[in-house]
Every structure is written in structure tokens, then in C-alpha cells.
Amino acid sequence: MKTDLTKVLTISGQSGLFNYISQARNGVIVESLSDKKRSCFGMNSKVTTLEDISIYTEDGEMKLKDVFRKMHGLLGEESAPAAKSQDSDLKEFFSKVMPDYDRERFHTSHMKKVVTWYNILKEYASLDFEEKGEAVETAGDQEA
């Protein structure tokens, strides 16, 4: 099953990734990808979809989805380096994945988040991502 990154969320102050379940009266209901526990986060929580995240490159930005694809191409079925790896190891890894990443704006703290998210998706979801319009076509096929 393909992963829809528009429904995979990161929530500021929370570890891990969450699947969007529903809109609540005063927030959003989510389910943790790792332990399947449901929670409600209020309107004051900073919620971001993985689809909306990009990584700075020397030429502009690269969508996180594309970074994940490059990581998967390099790693195959292996996991990404752990977030607790040495900073130099993470920088070396990202130099292989995306040699043109912006060394001024893409910090090791960001690299740690990206490898953590990659490993969570690899373990609890899929690294095969839905493309825009794909979900709509599938829904249309079911009606016919």
C-alpha cells in the first residue's frame, strides 16, 4: 500500500510521525505510526505534513519525498543511519544522497529528523509514495 505524505504529520514537540485521522472541533485527531495510539492535538500545536517539507539545495529546494526516494535508491532495504550517529557520518551520508544540499541551511539537526522519519516510514508504512491525483483515481475506480 502506498503512503500518502499529505496525511503523514509531524507535530512540534512530539517524537515520531502521525497519520491524520480526522478534524476535531478544536484540533486534529491523529494516530501514531509506531504504536497506533490515537491523540488529539489542539489548534496551538504546530502540525506539518511531510508533503509540505523541502530540503534546501544550492539550486533551490528538493521535496522531502524526493529525498526519501534518493535515500531508498542508495540504501536499498537497509535502514538510514541512526539519528544518534556522529554529525560527520550524517553529513557524509547526505553528501552521497544529495551532493548539492545547502551546507549553510540544512543543519545536522534537520538531517537527524530526516533519517528518523525515513526509518519510521520504512518500518511502519511504505517508501512507495502516492502521487497527486492517484488517490482520486483509485476512489473513482471504486465507484464504477
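One-based numbering along the sequence shown. Side-chain atoms are counted along with the backbone in the values below, which use heavy atoms only and exclude waters and symmetry mates.
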Ser126 (side chain) donor-acceptor with Asp128 (main chain) under 3.5 angstrom: yes
Do Phe106 and Tyr101 have their ring centres less than 6.0 Å from each other? yes
Approximate separation, where rounding is to 0.5 Å, of Leu64 CG and Thr48 OG1: 11.5 Å
Using the rule that two of Ile, Leu, Val, Met, Phe, Trp, Tyr join whenever any of their side-chain heavy atoms come within less than 4.5 Å, decide whether Leu121 and Met62 are in one cluster. yes
Does Met98 belong to the same Ile/Leu/Val/Met/Phe/Trp/Tyr cluster as Leu50, with side-chain heavy atoms less than 4.5 Å apart forming each link? yes
With a 4.5 Å heavy-atom cut-off, do Tyr56 and Asp100 have their side chains touching? no
Taking the basic N atoms (NZ, or NE/NH1/NH2) and the acidic carboxylate oxygens, is any pair closer than 4.0 Å for Glu130 and Lys2? no
Is Lys122 reaching over with its side chain to a backbone N or O of Glu77, donor-acceptor style, under 3.5 angstrom? yes
Please identify which of these residues, Leu9, Asp4, Leu5, meets the side chain to side chain contact (heavy atoms under 4.5 Å, CB included) condition with Lys7. Asp4
Only pairs under 3.5 Å count here: list side-chain donor-acceptor contacts from residues 87-95, not counting sequence neighbours, and write none if there are none.
residue : atom : partner : partner atom : Å
Ser95   : OG   : Lys91   : O            : 2.9
Ser95   : OG   : Arg103  : NH2          : 3.2

Single-linkage hydrophobic cluster Ile53~Val30, side-chain heavy atoms < 4.5 angstrom: no
Can you see which heavy atom on Met71 is nearest to which on Ala80, and at what distance? CE-CB, 3.8 Å
Donor-acceptor contact below 3.5 Å, side chain Thr116 vs main chain Lys112: yes
Just distance, no hydrogens or angles: give the donor-acceptor pairs under 3.5 Å from side chains in residues 10-24, sequence neighbours left out.
residue : atom : partner : partner atom : Å
Tyr20   : OH   : Gln23   : N            : 3.0
Gln23   : NE2  : Gly27   : O            : 2.8

Is there a path from Leu127 to Leu33 through hydrophobic residues (I, L, V, M, F, W, Y) whose side chains come within less than 4.5 Å of each other? yes
Quick one: closest heavy-atom pair of Ser54 and Lys63, and the distance? OG-CD, 3.4 Å
Under 4.5 Å between side-chain heavy atoms, counting indirect links through other Ile/Leu/Val/Met/Phe/Trp/Tyr residues: same cluster for Val47 and Ile29 or not? no
Side chain proximity check, Phe129 to Glu51, heavy atoms < 4.5 angstrom: no
Is Lys46 atom NZ crowded by more than 12 heavy atoms from other residues, nucleotides or ligands, each under 6.0 Å away? no
State whether Arg69 and Asp66 are salt-bridged, where the test is any N-O pair (Lys NZ or Arg NE/NH1/NH2 against Asp/Glu carboxylate O) under 4.0 Å. yes
Between Glu31 and Arg38, the two heavy atoms sitting closest are OE2-NE, 3.3 Å
What's the separation between atom CG in Asp102 and atom CZ in Arg105, rounded to the nearest 0.5 Å? 5.0 Å
Please answer whether the main-chain N or O of Met111 pairs with a side-chain N or O of Thr108 as donor and acceptor at a distance below 3.5 Å. no
What distance do Ile55 atom CD1 and Lys70 atom NZ have between them, rounded to the nearest 0.5 Å? 12.5 Å
State whether Lys65 and Glu131 are salt-bridged, where the test is any N-O pair (Lys NZ or Arg NE/NH1/NH2 against Asp/Glu carboxylate O) under 4.0 Å. yes
